[in-house]
Each structure stands twice: as C-alpha cells, then as structure tokens.
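Following: one structure in structure tokens, then a few remarks.
Sequence lines set the chain letters: A, B, ... in the order given, protein chains first and strands last, and positions in each chain run from 1.
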There are 2 protein chains.
Amino acid sequence: MNIGEVSERAGLPAKTIRYYEDIGLVRPLRSDNGYRAFRDSDIHKLAFLGRARTFGFSIEDCRTLLDLYEDETRESAQVKAVAQEHLAAVDEKIAQLKSMRETLAHLVDACQGDHRPDCPILKDLAKDP
Amino acid sequence: MNIGEVSERAGLPAKTIRYYEDIGLVRPLRSDNGYRAFRDSDIHKLAFLGRARTFGFSIEDCRTLLDLYEDETRESAQVKAVAQEHLAAVDEKIAQLKSMRETLAHLVDACQGDHRPDCPILKDLAKDP
DNA sequence: CTTGAGCTTCCAGCAACTGGAAGCCCTATA
DNA sequence: TATAGGGCTTCCAGTTGCTGGAAGCTCAAG
C-alpha cells in the first residue's frame, strides 16, 4: 500500500510517516519503483504511534511502547512504569499551568482594559522580585 | 555592567540574554573591549522579559508587551487583549491535558503492572478507531 | 503524448533556547 | 613579567516533532 492510502488509514500526514521511517519507528518495504510499500503491520504500528502521541507520549516513549507491544515476553509492569511516569509529568504540567493561569486571570481581571495607559498587568511584569 | 552580573540580577542565563539581544529584545551598549555594557534599563527589560516568560507568554507576545510597556501612549485595553488571548490559550491547553490525563489515569489504573504480558494500556493503544 | 496526481529526496525552518569549541580580555599571583 | 584562571566574545550544532517547499521521477487517464 502506498503512503497516501496509509496516511488516510492511520490518520497521520504522509510527511509524518516519512519522518517516522527516518527515525526508525517503521520500516516499510520498497516497491520496484522506489515507492514505500506498507504492510498491514506497518499500518498497525503507525496507528499505534498516532494514538500514543495523542496521549502525549514522547517519541522515545512511543518507541519503547512499540517495542514492548511487539515483545511477547514483556511484563505489563514495564508498560505501566512508562505510562505512570508520563502521567506524573502530565500532572506536573497541569499543576504548573493552573498556577500560571490563576496569576494571569487575577491580573487580567484587575486590568480596566480602557483607553488609559495605567495597567496592573504591566505593573506586575515590571515589579522587582 | 557585564553580562555575568546582569545574568544574576535578572535571573536569566547569560546565553538567554545573548539570545534576546540576537532577536532584538534588548540592545545593550558595547564597551571598548567588546563586552556588552548593560544599563539599568536593560536589566529592567530583561527582568520584565523573564517574568513575562514565566507567565508563559511567547517571545512575540513578550516583544509586544515590552513595546507597550515603553509606550506612554498605550491603552490598557491593548495589554489586556494580549493577556486575555494568552489566558484563553492556557485554558485550552489545561483542558486538553486534563482530558488526556483522565484517559491515561484510567489505563494506568487498569493495568496490573505485574510480570505477565497482558496489558490494557497496550491494548488501548493498539485498538482500531 | 501530455497532463496531473502521487511519489521520491533533500534542505530549511518553527520555538526558545542550550551546549560546546576556539579564541580574546582582564586580573592576580609567583 | 609570565602565566593561570575566569569571564567574555562569536559561531555552529543540537534539542522536539514535525511541516513546507523545491526539484524531479512514476503512473494512470484521456
């Protein structure tokens, strides 16, 4: 199957698929004309990758997860460890954003937003600490 | 003042300060020996930038905010608009992360994390849609 | 036989830095 | 005065995960 169809089926841009090949996440065969020839297993992998990426896993995590997926002798603990670490990172990111959001919201709230130059937002940004 | 001291005072790595000069956010003078010579106003700007960055504003937003800060004829509405837009983006990001987090948490929860290969996380990643 | 879509490669660029190499400059000490 | 060190300079490359575009080959339809 050519890259165009694979792109549709896996829900990934062709560019991305080529990139994934570049970095060794998939290894499609080649037809005589030089076109990439994807097997069903490649499409499966690509869909897996696409889904893992929507969960926010890094490419390296995806590589690990894919390896585990293909490894019959894996232990689910290995998968869980990767996911748990990522979950922790996501939690931290959320906490960080929330705190940022609160400060920001207060400032926006305090700003009149009129034609005068006086602005608590700028005042805060300019303050010392 | 040399970059080392400025770095400490503004709380930004020297590398970052040089980068900010590169992209035109600050324009320190130069001493005869070629060293950057920062004025108080430069340090102020850098601190402003550092703080704006901790709020998650993009470099381009920072540039705008800095321009507004220096413009006596600004209207606070302009500042508020920038901040509000950013706040909306942050809110969206948080929502996105939260939804991701929930799915992820469910999967992690469902996974035994033992020595057996069976794993709902991988199962979910591999599923069709 | 030509047209157009689809495929190929390669190079560049995004954001916002960060690391490292090679080489001045300045001060202090032996 | 020589030298060792730390700080400063520039420039180039790498990070993450793609994305856009140019130049050129291939294939199917008309």
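- When all heavy atoms are compared, the tightest approach of Lys45(B) to Leu25(B) is CD-O, 4.0 Å.
- Taking 4.0 Å as the cut-off between side-chain N and carboxylate O, Arg9(B) and Glu5(B) count as a salt-bridged pair.
- Taking atom CZ of Arg53(A) as the reference point, atom C1' of dC18(D) lies 9 Å away to the nearest angstrom.
- The nucleotide whose nearest atom lies closest to any side-chain atom of Arg30(A) is, among dT9(C), dA16(C), dC25(C), dT9(C).
- Between the CD1 atom of Ile17(B) and the C1' atom of dC17(C) there is a distance of 13 Å, rounded to whole Å.
- Nearest to the side-chain atoms of Lys15(A) among the listed nucleotides dG6(C), dG20(D), dG19(C) stands dG20(D).
- The pair Asp114(B)-Lys80(A) does not count as a salt bridge, with every side-chain nitrogen at least 4.0 angstrom from each carboxylate oxygen.
- Residue-level contact check: Arg18(A) touches the bases, meaning some heavy atom is under 4.0 Å from a base atom.
- Note on Arg116(B) versus Glu75(A): no salt bridge recorded, every NZ/NE/NH1/NH2 to OD/OE distance being 4.0 Å or above.
- Arg63(A) has its CZ atom 15 Å from the C1' atom of dC18(D), to the nearest Å.
- Taking the charged nitrogens against the carboxylate oxygens, Glu92(A) and Lys98(A) have no contact shorter than 4.0 Å, which rules out a salt bridge.
- Within the 4.0 Å cut-off from OP1 or OP2 of dA16(C), not a single side-chain nitrogen or oxygen of Thr16(B) is found.
- Rounding to whole angstrom units, CG of residue Asn33(A) and P of dA28(D) are separated by 9 Å.
- Within the nucleic acid shown, Phe57(A) has no heavy atom closer than 4.0 Å to any nucleic acid atom.
- Residues Tyr20(B) and Glu21(A) both approach DNA chain C. Their nearest nucleotides, taken by heavy-atom distance, put Glu21(A) toward the 5′ side.
- Within 4.0 Å (heavy atoms only), Arg36(A) reaches sugar-phosphate atoms of the nucleic acid but no base atom.
- The interatomic distance linking Ile23(B) (CD1) with dG13(C) (P) rounds to 17 Å, in whole Å.
- Rounded to a whole Å, the CD atom of Glu8(B) is 14 Å from the C1' atom of dG6(D).
- Spacing between atom OH of Tyr19(A) and atom C1' of dT19(D) amounts to 11 Å, rounded to whole angstrom units.
- Checking dC17(C), dC7(C), dG7(D) against every side-chain atom of Asn2(A), the shortest atom distance belongs to dC7(C).
- One can place CG of Asp22(B) at 8 Å from P of dT10(D), the figure rounded to the nearest angstrom.
- Nearest nucleotide to the side chain of Ile3(B), out of dT18(C), dC8(D), dC18(D): dC8(D).
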